[in-house]
Amino acid sequence: MEKIRCRDAKNRDCVVISELFQKMWNETRPDIPFKDKSVDLLIDELVKSVSLPNMYLKVAVHNGKIIGFIFGSVSYQRRLNKLAGYCYDVFIEKEFRHTKLAYKMIEDNKEWGRKQGATIGFFVVQNKDIDRWVRRPDYDLYQTTFSCDLVKESGDKVEVI
């Protein structure tokens with residue numbers, strides 16, 4: 001088996017990253033459709049992010065094919081008066097999830113944040129993964145965000161634009 005390589009994302013990768021993002025979305029939010037217009041907006045945002053110094057976007061490549069990505073950033077957190085690192089999305093194709101690829105990508109994101117001057121890191125974690133994250137020895141649960149479907153309660157159909 002060829003080794004999996006991680007590298008900085010390039011503009012030409014953004015369409016594939018958006019396709020992986022859609023897979024992630026469909027796995028984590030199957031009741032909310034991801035519209036074609038959203039794909040176009042996502043690709044635009046990814047292309048902009050590739051060149052920004054405070055954004056972190058890497059891809060995992062196996063046999064020339066992108067099999068995963070990680071997206072994060074560094075920005076000033078005024079409420080805490082600290083520079084904070086963020087990890088928003090990590091996605092790995094199912095057949096590679098048995099590896100420690102996601103863990104390695106997250107550790108690389110943390111190291112990049114440290115090098116940028118961040119002193120605290122925040123991670124967006126899907127509901128199904130919260131228990132595993134809370135059990136990690138170096139992580140503290142900082143905030144939990146609850147959501148409710150306001151549209152569903154009124155009987156309207158939800159669509160992401």
After noting the C-alpha distance and the side-chain angles of Asp8 and Leu57, does the key distance pass the side-chain contact (heavy atoms from CB on, under 4.5 Å) rule?
CA-CA 6 Å; Asp8 291 333; Leu57 183 57; over 6 Å; no

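- If you check the side chains of Asn81 and Tyr76, you find a donor sitting under 3.5 Å from an acceptor.
- A distance of 15.0 Å separates NZ in Lys94 from CD1 in Ile67, rounded to the nearest 0.5 Å.
- Judged by distance alone, the side chains of Ser73 and Tyr56 never bring a donor and an acceptor atom under 3.5 Å apart.
- A salt bridge between Asp13 and Lys58 is absent, with no side-chain N of the basic residue lying under 4.0 Å from a carboxylate O of the acidic one.
- Looking at heavy atoms from C-beta onward, Val90 lies in side-chain contact with Ile106 at the 4.5 angstrom threshold.
- Residues Phe123 and Tyr88 form no side-chain contact, since every pair of their non-hydrogen atoms from C-beta on lies 4.5 Å or further apart.
- Among all heavy-atom pairs drawn from Asn109 and Cys87, the shortest one is OD1-CB, 3.6 Å.
- Salt bridge present: Glu27 and Arg97 bring a charged side-chain N and a carboxylate O closer than 4.0 Å.
- Note that CH2 of Trp112 is 10.5 Å distant from CD1 of Ile70, once rounded to the nearest 0.5 Å.
- Of all the heavy atoms in Val59 and Ala9, the pair that sits closest is CG1-CB, 4.1 Å.
- Tyr86 and Phe122 have parallel rings, their planes meeting at less than 30° on a 0 to 90° scale where 60° marks the start of perpendicular.
- Within the 4.5 Å cutoff, no side-chain heavy atoms of Leu83 are placed close to those of Gln77.
- One distance of note links OG of Ser18 with CG of Leu41; it measures 11.5 Å at 0.5 Å rounding.
- With rounding to the nearest 0.5 angstrom, the CG atom of Asn54 is 8.5 Å from the OG atom of Ser49.
- Rounding to the nearest 0.5 angstrom, the gap separating the CD1 atom in Ile17 from the NZ atom in Lys10 is 10.5 Å.
- The shortest non-hydrogen separation linking Asp31 to Pro33 is O-CD, 3.6 Å.
- Scanning all heavy atoms of the two residues, the minimum distance from Ala102 to Ile92 falls at CB-CG1, 4.0 Å.
- Closest of all the heavy-atom pairs between Met105 and Cys6 is CG-SG, 3.9 Å.
- The distance from atom CD1 of Ile66 to atom SG of Cys14, rounded to the nearest 0.5 Å, is 9.0 Å.
- Residues Lys110 and Glu107 are paired through a salt bridge, judged by an N-O separation under 4.0 Å between the basic side chain and the carboxylate.
- When side chains are defined from C-beta on, Glu93 counts as touching Lys23, because their heavy atoms get closer than 4.5 Å.
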